[in-house]
Structure formats: C-alpha cells, structure tokens
Amino acid sequence: MSLTLANAWVLTMDKGLTQFRNGWIRIEGETIAALGQGPAPEGGEVLDMGGDVIMPGMVNPHCHLPMSLFRGLGEDVDDRLFRYILPLERKFVSPAMVRAGTALSALESIMGGVTTIADMYYFETEVAEVMDRAGLRAVLGQTLADFAAPDHASFDEGFALCDALADRLAGHPRLIASIAPHAPYSTGPRVLERAARWHDDHPGTRVQIHLAETEAERDWALREHGMSTTALAAMSGILRPGTIAAHCLLVDDADIALLAETGAGVAHNARSNGKAGRGMARVEDMRRAGIPVGIATDGPMSGNTLDLFAQFGPVSIFAKILGHSRKPLPAAEVIRMATLEGARALALDDRIGSLEPGKKADIIRISLDAPRLHPVYDVYSMLVFAAQPADVHDVMVAGHWLMRNRQVQTLETDRVLSDALQVAGQFRAEMNAIDQGQT
C-alpha cells in the first residue's frame, strides 16, 4: 500500500539541496517511490502535512546511549569521573541498566527527530534489543578497552562479544554491528590491528573509535610511539571506509590528510567538546579535504542531551570563531551535516540521509506553529538557530511511524521513565555512600 505526504515544504537534502515549497512524497513500503512539486498524485492514502517542513530523519554518528542515566550527575565536581562515574559503572552497569538507559535515550532521540544513531558502549546486544523494539536505525558498537570494562575482563572476551553482536545482527534491515576499540591509548596498536582484521573478516560491519580527543592522549602517543594518535591509528589499519572517528580535535594538516586518504568519517561533538573546555575542531578544513563530518551529541553524561538541535548553534558558531567571520559553515551546510553527510560518515548514504527515490523512508515532520520560527527568510537558518525538539511532530523510519503528533508509538513512555528513575535512585544512594566515605 502506498502513502503520500502532501502539501509539504520538502527539504530533500540531496546534493543540490533541492526544495519543493508545495511538495509531496510518495512512499511504497519502506522506500521513497517518488516526490515532486504541486498537487499530489492520486492513489493510496494521502496525508496533508499542512505546509510543515518534511526532511530526512537526522543522524547522530556518536553517542553512548545507556549513559543517559548519568546525565547531570556530579556536574560541578572536578574529579567526578573517578569519584562517581567509574565506581558507578563498575557496580551498576548490567544488562538491565543498559536496557533502561538505552530506552530513555531512544525515546529522547525519536522525540527530537533523530532516526539513525551510532552507539558504542557495553552489553551492546542489549542495546540492540531496545533499538530494534524502538524501530530506530543504528550502528551498534561493542566497546573494547584495557580498563575495568563491565562486560569483559580481557580483550579475548571483548572480541568474543563483538562476534556475538555481529552474529546477532547479521542481515538485520536497520541495525549494523560495529567493533569499537575505545581509543588508541586504551587499547594499544596491537589491539587496533586485531580490530582491523576483525572488520576485514566481518563484511558490512563498521568501526568506531575515539580519536585525537585530549592533550593527554596526544602526549601519550608522542611519548610512546613518536607520532600523533591519528598517525598511530592509520598505521594500525583501523582507519578505513566504514570507520567513525569521534572528536578529532587535535589534528594537524598531516592528520587531516591521513583521515582523508583512509576514507574514515568523523563525528563532530561541538557541545561536548566545548563543555569540557577541550577546544574547537577544524571542521571546515576536514570537510574541504573531503572527509565526511557528521554532527554528534556524544554521551548524555558529557553533552547532557541527545538533542541535535542543541548542537547546531555551537557547530556553526565555533566554525565562525575559528574563521573570524560569519561565513564559515552556513546554516544549509549544518543541516547537510546532520543528514546526508552524517549518513556518509556512517557509510549509509546509499540508503538514508536525503529524500530521493529508492532511498529508505526515514522522514521527520517539523511543525511551523511556534512563533519563534517566523518569519522564515531562510529555512535552514530557522532549523539551525530557532527550531527545537518540540517542533518535531512526526517521525518515520523505513516507512513505519515511530511518532505521530508527538506521541511515540514504539515505546511506553511511562514505563521508560519509571525504569530510568529506579536506576537513578540506586545511583543517588551510592553517591551518598561515597560522599560519606562508606565505600
């Protein structure tokens, strides 16, 4: 059966940024069949969009979904990582906790118009179960690290978890398995080389890694290996098409050339980076080199929300500060990064990221009811600097509605919040015990 979304302001986000001011989209099953301008073709169900903006579902190429349960925890404590976060992870990160945090993040993402997410955390098969139920599209990365990981005590155990994840998701229409070595400093070059071989042996999977994020990481690579972390990662073979490198803050011209040569994508976490005082990434330089750069939220512990709208302002503003001009990263390019370019960073641009015939029907509707959105001189500027998650009224993935009129269809909101608050209560009790010296 076909469905046509009619009377819509269609932002295709194709390479030419084609718009249809009075447009329509015909959907057949999971796929966009046709789109155009003017009266909608007859046949099948027709839904009037009331002149609202219809655009591709947005792509978040880097986050840690279960960590929504750590949101705002110890926010003003200098040593919160070692005082609270790591002890809480060691004690409480379990399959049940991961399911609760993932469900909370999936609910927030749907309500914010994000339809594709790249996640890296622990117990990733549990993340997959929730994401499947939520109806979202995702790249799901099993983290490998040499610190006390909650779900593996050795790298051999970690690689076995990657094998299990790949087996679980083989052939899934929306979920893709990924190996996720945490970072060069927390795995080392031998593990990175092994991860590259794993990716060779598992066609269709992806690679995720934190890269060039901190000065401590940079200093470690120079001290131990006499090169940058980007060069070390490239030498290991882990940078390749299908690799998502998160952050890439501390990169020089040679590093940018390496990233471009390898075909890796970059996940830019402007708000998280700025909030941590770590600096501003050279986004314009990376994009000029041909590197696909998507806009990401990072984990809710770091950036507090999974709201891409909250990222748009910092992404544009940081580029303008670095360029000493209003011209860098115009609003249309920011929205491109959140859609088609984000899909390209995940090596998914052949199926999502733009509204074109043959691509999957991952679509969101932005209501224009709010006074703060008017007048609309430039629709992209409106989306970047004025729109909010509350303006997202409908969300579709692969032709299936995940949200209609702000009501999520695939998750039970009350249950999701209840489960999350129960875990938060356990966190509070443990933090109190830590503060009182009882642990």
Side-chain angles (χ1 to χ4, degrees), residues 61-63 118 120 141 180-189 192-193 195-196 206-299 302-303 311 314-324 328-329 333-334 336-337 341-342 344-347:
H62 177 68
C63 70
M120 57 184 294
H182 174 265
Y185 67 86
S186 54
T187 55
L192 293 183
E193 291 167 4
R206 302 292 189 272
V207 177
Q208 299 181 64
I209 188 169
H210 297 98
L211 188 66
E213 182 181 4
T214 67
E215 292 180 357
E217 174 189 352
R218 177 196 62 194
D219 295 345
W220 165 84
L222 288 172
R223 183 178 65 252
E224 299 293 329
H225 300 281
M227 63 183 73
S228 70
T229 48
T230 302
L232 183 64
M235 187 176 67
S236 76
I238 201 68
L239 299 183
R240 51 182 59 202
T243 293
I244 305 108
H247 299 289
C248 295
L249 277 168
L250 302 174
V251 291
D252 59 19
D253 291 347
D255 292 329
I256 290 174
L258 270 177
L259 286 165
E261 180 183 338
T262 61
V266 168
H268 176 40
N269 304 269
R271 177 167 158 157
S272 169
N273 296 337
K275 189 164 173 278
R278 288 178 176 152
M280 296 177 282
R282 294 173 59 185
V283 172
E284 291 256 279
D285 292 338
M286 287 190 280
R287 296 182 77 229
R288 273 193 291 266
I291 300 165
V293 182
I295 297 174
T297 62
D298 206 353
S302 302
Q311 310 298 321
V315 166
S316 180
I317 291 166
F318 287 0
K320 295 177 193 317
I321 291 172
L322 288 175
H324 304 286
L329 270 189
E333 292 303 301
V334 174
R336 192 197 300 273
M337 290 170 66
E341 193 166 337
R344 186 176 157 221
L346 301 184

Considering all heavy atoms of both residues, which atom of Ile209 and which atom of Pro181 are nearest to each other, and what is their separation? CG1-O, 3.3 Å

Using atom types as modelled and distance alone, determine if a side-chain donor or acceptor of Arg206 lies under 3.5 Å from a backbone N or O of Ile244. no

Rounded to the nearest 0.5 Å, how far does CD1 of Ile295 lie from CZ of Arg271? 13.5 Å

So side-chain hydrogen bond (donor to acceptor under 3.5 Å, both in side chains) across residues 216-226, not counting sequence neighbours, yields Glu217-Thr229

Evaluate Leu329 against Glu284 for side-chain contact (heavy atoms from CB on, under 4.5 Å), listing each step before the verdict. CA-CA 7 Å; Leu329 270 189; Glu284 291 256 279; 3.7 Å; yes

Heavy-atom pair with the smallest gap, counting every atom of Met227 and Ala231: SD-C, 3.9 Å

Is it the case that the side chain of Glu341 and the backbone of Val293 share a donor-acceptor pair, with hydrogens and angles ignored and the cut-off at 3.5 Å? yes

Electrostatic pair Glu333:Arg336 at N-O distance under 4.0 angstrom: yes

Return the minimal non-hydrogen interatomic distance between Ala196 and Ser236, and the atom names on each side. CB-O, 4.0 Å

The criterion is ring pair (Phe, Tyr, Trp, His ring centres under 6.0 Å); which residues satisfy it with His268, sequence neighbours excluded? none

Can you name the nearest heavy-atom pair linking Ala345 to Val266, along with the distance? CB-O, 4.1 Å

Quick check for you: to the nearest 0.5 Å, what is the distance between Asp255 atom CG and Leu232 atom CG? 11.0 Å

I want to check something: taking the side chain as every heavy atom from C-beta on, are Leu239 and Leu211 in contact at a cut-off of under 4.5 Å? yes

Say you draw a straight line from CG of Leu322 to CZ of Arg282; how long is it, rounded to the nearest 0.5 Å? 9.5 Å

With a 3.5 Å distance limit and no angle check, can you tell me whether Asn269 reaches the backbone of Asp298 through a side-chain donor-acceptor pair? yes

If every non-hydrogen atom of Ile321 is compared with every non-hydrogen atom of Met280, which pair is closest and at what distance? CG2-CE, 3.9 Å

For residues Asp252 and Ser228, determine if any side-chain heavy atom of one lies less than 4.5 Å from a side-chain heavy atom of the other. no

Would you call Pro184 and Leu192 a side-chain contact if the rule is heavy atoms closer than 4.5 Å? yes

Sidechain-backbone polar pair: Arg278 side chain, Glu213 backbone, donor-acceptor under 3.5 Å: no

Which atom pair, heavy atoms only, marks the closest approach of Ile256 to Ile291? O-CD1, 3.5 Å

Would you call the rings of His182 and His210 parallel, tilted or perpendicular, where under 30° means parallel and over 60° means perpendicular? tilted

